Amino acid sequence: MSSVFVEAADWLADPVHWSGVDGIPHRLLEHVGYSALTVAIASVVALPLGLWIGHTGRFRGFAIALTGAVRALPTLGLLTLAVLWVGIGLTAPIVALVVLAIPPLLAGAYAGIEAVDRRTVDAARAQGMTEWQVLARVEVPLALPLILGGVRSAVLQVVATATIAAYIGLGGLGRYLIDGVAVRDYPQTLSGSLVVVLLALVLDGAFAVVQRLAVRAA
């Protein structure tokens, strides 16, 4: 097993693997691009909905049940359904990843709003703030650490599972895993996995810093 790690280190150190369309920088940019597009689409859907649920308390039980059910769905099963629905291409993995990214974003948004002290909210209303002002000026700033926690969970989940794009011939870091397994090139497979793990750790560290700053600001 140790020899595989040595061979993976040699594979990563080889300059050939750091240039061209199959090089690590290009595959890394593809992977980050898929992930960023997924989180952006999921955020547009889930964050406003989560804020509304947290502010009004409506459909909270349904949201909890839905997020729990979606989290239990298998990624490859979702990808297969998406391919059957929209065909081969970028849309299918993006649809599958968006479905997986929505639960943590939704849960972070409504849980963050619900955690805001009701006495603070009532005081804002007593000062004559409209419901929109209460949400935008009081609840969202105070809930920001939990909302960012949801975004952080969604980003990490998407980055870890964006490798599925390679199953249907797209790029990204998953190419190293799929191609490596196909030809039993285990150093390449391990190297691709290590780059995905490193990317996830870097993003997690960045979000941890942002979340800490948000806590201080709140």
Side-chain angles (χ1 to χ4, degrees), residues 1-43 46 70-71 73-83 86-105 148-210:
M1 179 63 72
S2 60
S3 63
V4 177
F5 282 94
V6 173
E7 291 174 9
D10 292 338
W11 192 95
L12 288 170
D14 191 339
V16 172
H17 299 136
W18 290 89
S19 62
V21 294
D22 199 36
I24 293 173
H26 186 259
R27 294 301 186 200
L28 182 62
L29 283 176
E30 289 178 329
H31 200 91
V32 172
Y34 298 155
S35 302
L37 179 61
T38 298
V39 174
I41 295 173
S43 296
V70 173
R71 279 173 168 164
L73 293 175
T75 306
L76 282 179
L78 272 176
L79 177 62
T80 302
L81 285 175
V83 168
V86 300
I88 297 293
L90 181 59
T91 304
I94 294 299
V95 168
L97 291 172
V98 164
V99 171
L100 293 174
I102 283 177
L105 289 167
L148 287 175
V151 176
R152 179 181 178 182
S153 297
V155 168
L156 294 179
Q157 184 165 355
V158 169
V159 166
T161 55
T163 52
I164 64 170
Y167 276 105
I168 56 173
L170 296 179
L173 295 172
R175 281 258 60 89
Y176 298 131
L177 279 67
I178 303 303
D179 294 345
V181 170
V183 298
R184 297 186 178 182
D185 186 349
Y186 298 121
Q188 175 179 314
T189 303
L190 179 57
S191 298
S193 301
L194 291 174
V195 176
V196 173
V197 171
L198 182 61
L199 175 62
L201 290 175
V202 169
L203 291 174
D204 188 46
F207 269 100
V209 172
V210 174

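These figures come from a predicted structure and were not determined experimentally.
In terms of modelled atom types and a separation under 3.5 Å, the side chain of His31 and the main chain of Thr163 share no donor-acceptor contact. Listed for the Thr91 side chain is no donor-acceptor partner under 3.5 Å among the backbone atoms of Gly87. Panel note: side chain His26, backbone Val21; a donor-acceptor pair is recorded below 3.5 Å. Between the side chain of Tyr34 and the main chain of Gly171, a donor-acceptor pair closer than 3.5 Å is present.
For the pair Val159/Leu203, a side-chain contact is recorded, criterion being any heavy-atom separation below 4.5 Å from C-beta on. At a threshold of 4.5 Å between non-hydrogen side-chain atoms, the residues Tyr167 and Val83 do not count as touching. Taking 4.5 Å as the limit, every side-chain heavy atom of Leu194 sits out of range of all side-chain heavy atoms of Leu198. Put simply, the side chain of Asp185 does not reach to within 4.5 Å of the side chain of Asp179, judged on heavy atoms. Counting heavy atoms from C-beta outward, Pro93 and Leu79 have side chains that approach closer than 4.5 Å. For the pair Tyr186/Trp11, no side-chain contact is recorded, criterion being any heavy-atom separation below 4.5 Å from C-beta on.
The shortest heavy-atom contact between Ala8 and Leu190 is CB-CD2, 3.7 Å. Contact detail for Ala154 and Leu105: the closest heavy-atom pair is CB-CG, 3.7 Å. In terms of heavy-atom proximity, Gly180 sits nearest to Gln188 at N-NE2, 3.5 Å. Nearest heavy-atom pair across Pro187 and Glu7 is CG-OE1, 3.1 Å. Ala101 and Val158 get closest at one heavy-atom pair: CB-CG2, 3.7 Å.
Here the straight-line distance linking atom CG of Asp14 with atom CD1 of Ile24 works out to 9.5 Å at 0.5 Å rounding.
Note on residues 25-37: pairs passing salt bridge (charged side-chain N to carboxylate O under 4.0 Å, His left out), not counting sequence neighbours, are Asp22-Arg27, Arg27-Glu30.
With Leu97 as the fixed residue, the side chain to side chain contact (heavy atoms under 4.5 Å, CB included) test singles out one of Ile41, Ile102, Thr38, Leu78: Thr38. Partner of Ser191 under the side chain to side chain contact (heavy atoms under 4.5 Å, CB included) criterion, chosen from Leu12, Asp10, Leu177: Leu12.
Within 6.0 Å of the CZ atom in Phe207, the count of heavy atoms belonging to other residues, nucleotides or ligands exceeds 12.
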